[in-house]
*Asks:* 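Got a structure for you, questions after.
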Amino acid sequence: MSGINNYNDLSAFILIASVLFCAYIMVKPFLKVSIPVLLFECLVFSCASILNLPAIHRFTILQDNRGLLFFFALYFPIFYFSLDLSITRSLCIYLWAINLLLFPSNISCLIDSMIHKNHLYMDFGYDAIIIQFVMNAALCILAYLVLSRWDINVLSPSGTPESLWVGWLSVPILFLGLNIALLPNDYRMLNGYHLHGTYLFFSGSLFVLYGYLTSIFYSHMQEYIHIREYKEAQRISDIQSLQYKSLLSQIEADRHARHDFKHTLNLLSQLAREEDAEALRDYIRQYTKESSGIIVKNYCSNPAINAVLNYYETKSEEEGIISTIQVDLPVPLPLSDPEFCSLIGNIMENAIEAAKYSPAPVRRFSISIRIQNDSTLYIVSSNDYDGELFIDSTNNNAIFSQKKEKNHGIGLQSIKETVDKYHGILRISAKDMEFHVDIAIPI
């Protein structure tokens, strides 16, 4: 193999390594394999591509760097299966990296044709290789600096819909075809017609236009995320507000019940003085029947929290579910009353709803709310369920104890939003027909 061919191989290696670097730094948070395994894969693929490139040139019409398209197509399945992303998102990122790094390759061809006018085809010398290496290194550094600040939610399935990526896919495919078509088959055409300036103009224009369209697409995705987050925050705020108003109404009803009880005592005292035993028994029986649902337990010193706990305890009894509630809140909470009531309300409502469908002869639900070491709020909930789980692939693989026809997972999504807001930890698990929700929030 001649020295010139060695330079061609080096040019191909620079292009492959740069493409893989830029593609993987963009999707690093979604990797399913370790970095050492990934580096080994890239090294093996790059070496295999370089060693087999002469055979591709010999037996196909794919000359110069066009021959690398064969290996890029072969490597894409490896790239895709190493990520926790859809095939459309993976392909968009992969093509983005190829388009980005084909620009230095095109410019290197231009420089090579200007320096080595006697060459008929792409036959790199060391000078063109140095230019390509410098440009590739600069683009890789620039990509790293830019991507270290970009919003990773753009790639997340929970952040942007698949339809936007499907619509965008045609753009990188089109630019890939234009970049490949721009590679010269014969240096004589560039040198004979003095097309170096025209070639540079078209190549640079494609690069700038692709960068501009990419920035527009990214801005559009960010705007979509912000609108979705605003709507979700507004929805959760409305839910919390309605729930808090309902709790206040319950508290007011309890206050009236306690006030009315004073009149009841006066009436009982009057009946006792009149020694009307039969009327006394009838009144006590009727009063017990009517007021059985408004007895309020004091789990803590916060009346709003007491109201929500009493409400869901009564609801679980109505559903035939045995509930166990333990509360130990000796210090003020980091959450506001509406937020905390919404949090435990959603937990208890989801648990009771799931326990209703449990085939267990005795259905149970328990929740423990406590503060440990004056530093962490712990909420631990467990309930029986029917043993069937629903995993929502459109919602970051969220786990639900049952699949509802409408609005499934809204409660858990609200719980997650609140926990994330206060930098807490949410763990959801299921084992032996029991569904568990564990929350830890620093205070």
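When a residue number appears, it is its place in the shown sequence, counting from 1.
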*Asks:* Are Glu162 and Arg89 close enough, and set up right, to give a side-chain contact (heavy atoms from CB on, under 4.5 Å), and what steps lead you there?
*Replies:* CA-CA 8 Å; Glu162 192 74 6; Arg89 297 169 198 258; 2.9 Å; yes
*Asks:* Verify, without hydrogens or angle tests, whether Asp438 (side chain) and Val380 (backbone) share a donor-acceptor contact under 3.5 angstrom.
*Replies:*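 Not at all, since once roles are kept as given, no pair shorter than 3.5 Å links the two residues.
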*Asks:* Parallel, tilted or perpendicular: which describes the rings of Phe76 and Tyr80, with under 30° parallel and over 60° perpendicular?
*Replies:*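 Taking Tyr80 first and then Phe76, their aromatic rings lie parallel (interplane angle under 30°).
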*Asks:* Return the minimal non-hydrogen interatomic distance between Ser375 and Ile371, and the atom names on each side.
*Replies:*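 That closest heavy-atom pairing would be N-CG2, 4.3 Å.
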*Asks:* Distance only, no hydrogens: is a donor on one side chain within 3.5 Å (strictly under) of an acceptor on the other, for Thr324 and Ser366?
*Replies:*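 On atom types as modelled, these side chains do not qualify, holding no pair under 3.5 Å.
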*Asks:* Are Leu343 and Ile439 close enough that some pair of their side-chain heavy atoms sits under 4.5 Å apart?
*Replies:*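 They are in contact (side-chain heavy atoms under 4.5 Å apart), so the answer is yes.
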*Asks:* Can you measure from OG (Ser368) to OH (Tyr378) and round to the nearest 0.5 angstrom?
*Replies:*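 So the OG of Ser368 and the OH of Tyr378 are separated by 11.5 Å.
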*Asks:* Are there over 12 heavy-atom neighbours, none belonging to Tyr218, within less than 6.0 Å of that residue's OH?
*Replies:*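 Yes, the 6.0 Å shell around OH holds more than 12 heavy atoms from other groups.
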*Asks:* Regarding Tyr299 and Gln326, is there a side-chain donor-to-acceptor distance under 3.5 Å anywhere?
*Replies:*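 No donor-acceptor contact under 3.5 Å links the two side chains.
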*Asks:* Nearest 0.5 Å please: distance from the CZ atom of Phe202 over to the CG atom of Leu206.
*Replies:*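 Separation between the atoms: 8.5 Å.
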*Asks:* Under a plain distance cut-off of 3.5 Å, with no hydrogens placed, do Glu339 and Ser336 share a side-chain donor-acceptor pair?
*Replies:*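 Yes, Glu339 and Ser336 have a side-chain donor paired with an acceptor closer than 3.5 Å.
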*Asks:* So how far is it from Leu209 CG to Leu178 CG, rounded to the nearest 0.5 Å?
*Replies:*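 With rounding to 0.5 Å, CG (Leu209) is 9.5 Å from CG (Leu178).
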*Asks:* Could you pull out the closest heavy-atom pair between Leu147 and Trp150, with the gap in Å?
*Replies:*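 Here Leu147 and Trp150 meet closest at O-CD1, 2.6 Å.
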*Asks:* Tell me the closest heavy-atom pair linking Gly345 and Val308, and the distance in Å.
*Replies:*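 Closest pair (atom of Gly345, atom of Val308, distance): CA-CG2, 4.1 Å.
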*Asks:* Return the CG to CG distance between Leu169 and Leu164, rounded to the nearest 0.5 Å.
*Replies:*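 Between atom CG of Leu169 and atom CG of Leu164 there are 13.0 Å.
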*Asks:* Can you find a heavy atom in the side chain of Phe207 that is under 4.5 Å from one in the side chain of Leu100?
*Replies:*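 With C-beta onward as the side chain, the pair touches.
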*Asks:* Quick one: closest heavy-atom pair of Leu83 and Tyr24, and the distance?
*Replies:*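 Looks like CD2-CE2, 4.5 Å.
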*Asks:* With a 4.5 Å cut-off on side-chain heavy atoms, are Thr418 and Ile441 touching?
*Replies:*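 Result no, sub-4.5 Å side-chain heavy-atom pair not found.
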*Asks:* How many angstroms lie between CG in Asn136 and CG in Leu101, if you round to the nearest 0.5 Å?
*Replies:*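 It is 5.0 Å, given to the nearest 0.5 Å.
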*Asks:* Could you tell me whether a side-chain N or O of Thr376 sits under 3.5 Å from a main-chain N or O of Gln372, the two making a donor and an acceptor?
*Replies:*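 No, Thr376 side chain to Gln372 backbone: no donor-acceptor pair under 3.5 Å.
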*Asks:* Measure the shortest side-chain to side-chain distance between Asp374 and Ile443 over non-hydrogen atoms and say whether it is less than 4.5 angstrom.
*Replies:*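 When only atoms from C-beta onward are counted, Ile443 and Asp374 do not touch, as no gap falls below 4.5 Å.
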*Asks:* Can you find a heavy atom in the side chain of Met433 that is under 4.5 Å from one in the side chain of Asp384?
*Replies:*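 Sidechains of Asp384 and Met433: no contact.
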*Asks:* Distance alone, cut at 3.5 Å: any donor-acceptor contact between the side chains of Arg364 and Ser358?
*Replies:*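 Judged by distance alone, the side chains do not pair up.
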*Asks:* Spell out, as yes or no, whether a donor-acceptor pair under 3.5 Å connects the side chain of Asp386 to the backbone of Tyr357.
*Replies:*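 Answer holds: no.
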*Asks:* Hey, mind stepping through Glu434 and Lys431 against salt bridge (charged side-chain N to carboxylate O under 4.0 Å, His left out) and telling me if it holds?
*Replies:* CA-CA 5 Å; Glu434 283 192 1; Lys431 183 179 180 182; over 6 Å; no
*Asks:* Taking the six-membered ring for Trp, are Tyr385 and Phe435 parallel (under 30°), tilted (30 to 60°) or perpendicular (over 60°)?
*Replies:*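 Perpendicular, since the angle between the ring planes exceeds 60°.
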*Asks:* Go through the steps to decide whether Leu85 and Val27 satisfy the test side-chain contact (heavy atoms from CB on, under 4.5 Å), and finish with yes or no.
*Replies:* CA-CA 9 Å; Leu85 286 175; Val27 297; 3.9 Å; yes
*Asks:* Is there a donor-acceptor pair closer than 3.5 Å between any side-chain N or O of Arg363 and the backbone N or O of Glu319?
*Replies:*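 Yes, the answer is positive, given that a donor and an acceptor are paired below the 3.5 Å cut-off.
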*Asks:* Mind checking whether Ile141 and Leu139 have side chains closer than 4.5 Å, heavy atoms only?
*Replies:*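 No, every pair of side-chain atoms sits at 4.5 Å or beyond.
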*Asks:* Donor-acceptor check, side chain of Asn306 to backbone of Cys300, threshold 3.5 angstrom: yes or no?
*Replies:*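 Such a contact is found between Asn306 side chain and Cys300 backbone.
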*Asks:* Tell me whether Ser203 contacts the main-chain N or O of Tyr199 through its side chain, where contact means a donor paired with an acceptor under 3.5 Å.
*Replies:*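 Side chain of Ser203 to backbone of Tyr199: no pair is present.
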*Asks:* How about NZ on Lys32, more than 12 heavy atoms from neighbouring residues, nucleotides or ligands closer than 6.0 Å, or not?
*Replies:*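 Correct, the count exceeds 12.
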*Asks:* Using 0.5 Å steps for rounding, measure from the OG atom of Ser219 to the CG atom of Asp151.
*Replies:*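 Rounded to the nearest 0.5 Å, the OG-CG separation comes to 11.5 Å.
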*Asks:* How far apart are the closest heavy atoms of Met26 and Leu155, and which atoms are they?
*Replies:*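 Looks like O-CD1, 3.6 Å.
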*Asks:* Would you say the side chain of Ile367 lies within less than 4.5 Å of the side chain of Tyr312, judging by non-hydrogen atoms?
*Replies:*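 They are not in side-chain contact.
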*Asks:* Taking side chain as C-beta onward, heavy atoms only, is Ile369 less than 4.5 Å from Leu377?
*Replies:*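 Contact flag for Ile369/Leu377 side chains = yes.
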*Asks:* Determine, stepwise, if the pair Gln132 / Ser105 fulfils side chain to side chain donor-acceptor pair (under 3.5 Å).
*Replies:* CA-CA 6 Å; Gln132 182 183 5; Ser105 180; 4.6 Å; no
*Asks:* State which residues pass ring pair (Phe, Tyr, Trp, His ring centres under 6.0 Å) with Tyr75; sequence neighbours excluded, sorted by chain then number.
*Replies:*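 Partners of Tyr75 by the ring pair (Phe, Tyr, Trp, His ring centres under 6.0 Å) criterion, ordered by chain and then number, come out as Phe45.
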*Asks:* Search all heavy atoms of Glu313 against all heavy atoms of Met348 and return the closest pair with its distance.
*Replies:*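 It is N-CE, 4.5 Å.
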*Asks:* For the residue pair Phe217 and Trp96, is the inter-centroid distance of their aromatic rings smaller than 6.0 Å?
*Replies:*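 Ring centres of Trp96 and Phe217 not closer than 6.0 Å.
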*Asks:* Scan side-chain atoms only and decide if Ser86 and Trp165 contain a donor-acceptor pair under the 3.5 Å cut-off.
*Replies:*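 Absent: no donor and acceptor within the cut-off.
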*Asks:* State whether the side chain of Ser82 and the backbone N or O of Phe79 hold a donor-acceptor pair below 3.5 Å, judged by distance alone.
*Replies:*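 It does hold such a pair.
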*Asks:* Show the numbers, then the answer: is there a side-chain contact (heavy atoms from CB on, under 4.5 Å) between Arg370 and Val327?
*Replies:* CA-CA 6 Å; Arg370 72 183 192 279; Val327 182; over 6 Å; no
*Asks:* With no hydrogens and no angle check, is any side-chain donor or acceptor of Ser381 less than 3.5 Å from a backbone partner on Ile347?
*Replies:*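 No.
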*Asks:* Evaluate the side-chain contact (heavy atoms from CB on, under 4.5 Å) criterion for residues Asn106 and Asn179: first the C-alpha distance (whole Å), next the side-chain angles of each, then the deciding distance (0.1 Å), finally the verdict.
*Replies:* CA-CA 8 Å; Asn106 289 340; Asn179 273 302; 3.3 Å; yes
